[in-house]
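Starting from 1, each residue takes its place in the sequence as its number.
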Amino acid sequence: MITAQHLWLIPLLPLIAAVIGALAPRGGRTLAAGAAIAGLAGSFVISCLALSTALKDPSVHAAHNFDWFALGDGAVRLGWLLDPLTAFMCVMVTFVGSLIFIFSVGYMKEDPNSKQFFCFLSLFAAAMLGVLVANSLLLLFVCWELVGLASYLLIGFWFHKPEAAAAAKKAFITTRIGDLGFLLGLVWLYDATGTLLLFDGGNGVLEAPALGGLAAQVAVFGLPLTTAIGLLLFCGAVGKSGQFPLHVWLPDAMEGPTPVSALIHAATMVAAGVFLIARIYPLMVADQVIATAPLHALTVVAAIGAITALMGAVIAVAQNDIKRILAFSTVSQLGYMMLAIGVGAWPAAIFHLLTHAFFKALLFLGAGSVIHAAHHEQDIRRLGGLAPHMKVTFGTFAIGMMALAGVPFVFSGFWSKEAILHAAHEWDVSHLPLYAGLTAVVLTAFYMTRLMAEVFFGKARTEEAGHAHENSAVMTVPLVLLAICSILLGFLGTPAFPWLQSQLLGTEVEAHGLFEGAGLMILSIGLVGGGMGLGWFLYGRSPRATANATDPLERASPGLIAFLGARLKFDELYAATAGRLNSFGALFSDFMDRSVWGGLVSFTGRFSLFSGWFSRDTDEGGLNAGFDAASGGLRGSGKFYSKRQSGDAHGYLRVMALGFVVLVLVVMLGGGW
């Protein structure tokens, strides 16, 4: 039986695999890959056992805490936490991750550095699993930063490409901006409560006594302390989960190998931010009881989520790189998840996170299968006609596309997205998030239909596409398994059978008829149909004949499509503002270093040289010279007198006699003689 005390085994196994991969010889690809797959598969088994334990009493947050090291009169304490949220997330990460690892064996078989690749993959998985099982925000933050490190290594894995190196730095620096807010929130929370344990027998930061004390305190501008701390912690989630305005790193992360894109966008890194806000939801919602609060934390979360959902979908419409379309789709879907948390439906957010993990992993791996077969061609305008030659990839990719678009009633994405839309509809603060979500529904259906038509229908438009063929079983079997899960998982959270939501909440959720609130559902289905119909009318009915043919949308509005294709010029905006400010800061620092501090150091050095010269001349020309002159005079007198000291007694007597005679003469003459 797996309890909270044993949860450390889940991240340990892939961590051991990472060590094996690091120590394996350069040609040890098979050893590194085998260790990575075996380690994560073992973690999947343990996660399933942990899930069975958690589901025995879903309302319990079972924690195992321990002292890490002594600090003054107390100790820094860490711990592991087992509840349905942790268990479901661990099962998802290990299962989807294992399939991505298996797919990578075929995708990376020609890469000479694949041994390091599997080492980095294992480190990534271990760090993410550490985030999930932590009962301490300190431990969570440590693993959170390891996720950032592993993502840097994987995004920039093909470091010989300048684009990959730049994307890795961009991802690392951008997420650090959010992590700074996260760290400040942790420090403030520890100062206010004296602990960072989530659950600790009534003393944890997510338990009623601590939350009541925090909510009663005012931070700044009349904000309750829980609001201020919650928003700082949310900054970390904004960075990790690619939310506006820190979303700019996520599309560029496509420069890494496609399995990395699947892992980041489906199971690990971007899911960490949504998981964090769902985990600390009691802290985020604590300010709702304060009617006089000028701002509620969840209102900000809902607003950011709505903006991100709409923005990602709008930009995806005008992208031509198959992976970038899916990347902006991920940005949009993450916005849906944050929107759900913001309107108070965090179980719906986790439901969508779980379904999205499977169909987005399927879509990215399907894109990887296409890229691998088409000799690394990623531009959808240069593909086409792949359906007859890649039947498995086409069929599974179509399932993932329909799950993402929300095709009713079979595909999982429909049920999880409907749960979010209905929660937004019931939010009494504003319906703007609902309108943003509905607009993103039609855009998602449109750009995914465009993607399918451009890649798989019509005729091959380049030699690479014409020579494409289906990949080996090691790459197609994971696609089939993910496709099956992309259908079945949705039935765990339908309105008529809300089992998943009940387990996450730990209380029974009332079941509803499938068509209760049918108006919104019919509207959503209509929008999906409209988006797919428009996409098929423009791209599927008469596919482009050549790669250089003008896009129908570009023909209709070239300026707008160019603006969307440039990603709303956020990068240019940041370069013109934050980038220039950073450049100015660098120039100012250089000026201060060279002209001010450097000048001061130079003056000090020259003054020291002058002081040394003056001291030397004073010493040598003044003191030493005078002392030497006096010493010379004494030496001369001594020599003079020494010559008079001959040692001859007869000479001494003659001198005495002569002196006596002279004395007598002086006396006689002086006496008048």
Side-chain angles (χ1 to χ4, degrees), residues 4 7 59-83 85-86 130-145 178-240 272-273 275-301 341 346 506:
L7 287 184
S59 63
V60 173
H61 301 284
H64 173 71
N65 302 319
F66 55 90
D67 292 346
W68 184 21
F69 61 84
L71 183 64
D73 296 332
V76 176
R77 307 187 71 208
L78 305 179
W80 320 112
L81 175 62
L82 178 58
D83 62 3
L85 176 58
T86 292
V131 169
L132 299 180
V133 302
N135 185 45
S136 164
L137 284 174
L138 176 60
L139 177 59
L140 189 151
F141 184 74
V142 171
C143 296
W144 183 278
E145 293 303 306
D179 291 351
L180 176 61
F182 190 177
L183 179 60
L184 292 175
L186 291 185
V187 173
W188 201 349
L189 183 61
Y190 184 80
D191 179 68
T193 63
T195 183
L196 290 176
L197 291 175
L198 301 177
F199 296 94
D200 187 23
N203 298 316
V205 296
L206 297 185
E207 296 176 287
L211 292 177
L214 290 173
Q217 301 180 50
V218 177
V220 291
F221 305 118
L223 289 176
L225 188 55
T226 54
T227 305
I229 293 175
L231 291 177
L232 285 173
L233 299 181
F234 179 59
C235 290
V238 168
K240 273 291 190 291
F275 168 81
L276 171 66
I277 304 305
R279 171 57 75 199
I280 64 170
Y281 184 79
L283 175 67
M284 302 294 289
V285 79
D287 61 7
Q288 297 289 327
V289 299
I290 305 175
T292 58
L295 180 68
H296 296 295
L298 290 183
T299 303
V300 176
V301 175
I341 296 177
W346 72 265

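No side-chain heavy atom of Phe141 sits less than 4.5 Å from a side-chain heavy atom of Val131. Looking at heavy atoms from C-beta onward, Gln288 lies in side-chain contact with Leu298 at the 4.5 angstrom threshold. Proximity of Leu196 to Arg77: side-chain heavy atoms (C-beta onward) are nowhere separated by under 4.5 Å. Side-chain contact between Tyr190 and Leu138 is absent, with no heavy atoms from C-beta onward closer than 4.5 Å. At a threshold of 4.5 Å between non-hydrogen side-chain atoms, the residues Leu211 and Pro282 count as touching. Contact of the Val300 side chain with the Leu295 side chain is registered, since non-hydrogen atoms from C-beta on lie closer than 4.5 Å.
Of all non-hydrogen atoms in Gly185 and Ile229, the two that sit nearest each other are O-CG2, 3.8 Å. When every heavy atom of Ala63 is checked against every heavy atom of Asn135, the shortest pair comes out as CB-ND2, 3.5 Å. Taking all atoms of both residues into account, the shortest heavy-atom contact from Pro224 to Ala215 is CB-O, 4.0 Å. Taking all atoms of both residues into account, the shortest heavy-atom contact from Met284 to Val301 is CE-CG2, 3.8 Å. Considering all non-hydrogen atoms of both residues, Ala4 and Ala62 come closest at CB-O, 3.4 Å. A pairwise comparison of heavy atoms in Gly273 and Ala237 identifies O-CB, 3.5 Å as the closest pair.
The distance from atom NE2 of His64 to atom CG of Leu82, rounded to the nearest 0.5 Å, is 12.5 Å. With values rounded to the nearest 0.5 angstrom, Leu137 atom CG is found 8.5 Å from Leu283 atom CG. Here the straight-line distance linking atom CG of Leu223 with atom CD of Gln217 works out to 13.5 Å at 0.5 Å rounding. Interatomic distance, Ile341 CD1 to Phe234 CZ, rounded to the nearest 0.5 Å: 8.5 Å. Between atom CG of residue Leu78 and atom CG of residue Leu197 there is a gap of 7.5 Å, rounded to the nearest 0.5 Å. Distance CG/Leu140 to CG/Leu233: 10.0 Å, rounded to 0.5 Å.
Glu207 places a side-chain N or O within donor-acceptor distance of the main-chain N or O of Asp200, the cut-off being under 3.5 Å. At distances below 3.5 Å, not a single donor-acceptor pair connects side-chain atoms of Asp179 with backbone N or O atoms of Phe182. In this structure a side-chain-to-backbone donor-acceptor pair under 3.5 Å is present from Thr193 to Leu189. Judged purely by atom type and a 3.5 angstrom limit, Thr195 has no side-chain atom pairing as donor or acceptor with the backbone of Gly204.
Ring-plane geometry between Phe199 and His61 is classed as parallel, the angle between the planes falling under 30 degrees on a 0 to 90 degree scale with a further cut at 60. Ring geometry for Trp80 versus Phe66: interplanar angle of 30 to 60°, hence tilted.
Counting non-hydrogen atoms of neighbouring residues, nucleotides and ligands closer than 6.0 angstrom, the CZ atom of Phe69 exceeds 12 such neighbours.
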Evaluate the side chain to side chain contact (heavy atoms under 4.5 Å, CB included) criterion for residues Ile277 and Trp346: first the C-alpha distance (whole Å), next the side-chain angles of each, then the deciding distance (0.1 Å), finally the verdict. CA-CA 9 Å; Ile277 304 305; Trp346 72 265; over 6 Å; no
If you apply the rule side chain to side chain contact (heavy atoms under 4.5 Å, CB included), what do you find for Leu198 with Val205, and how did you get there? CA-CA 5 Å; Leu198 301 177; Val205 296; 4.0 Å; yes
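Side-chain contact, Thr227 with Asp287: a donor N or O sits under 3.5 Å from an acceptor N or O.
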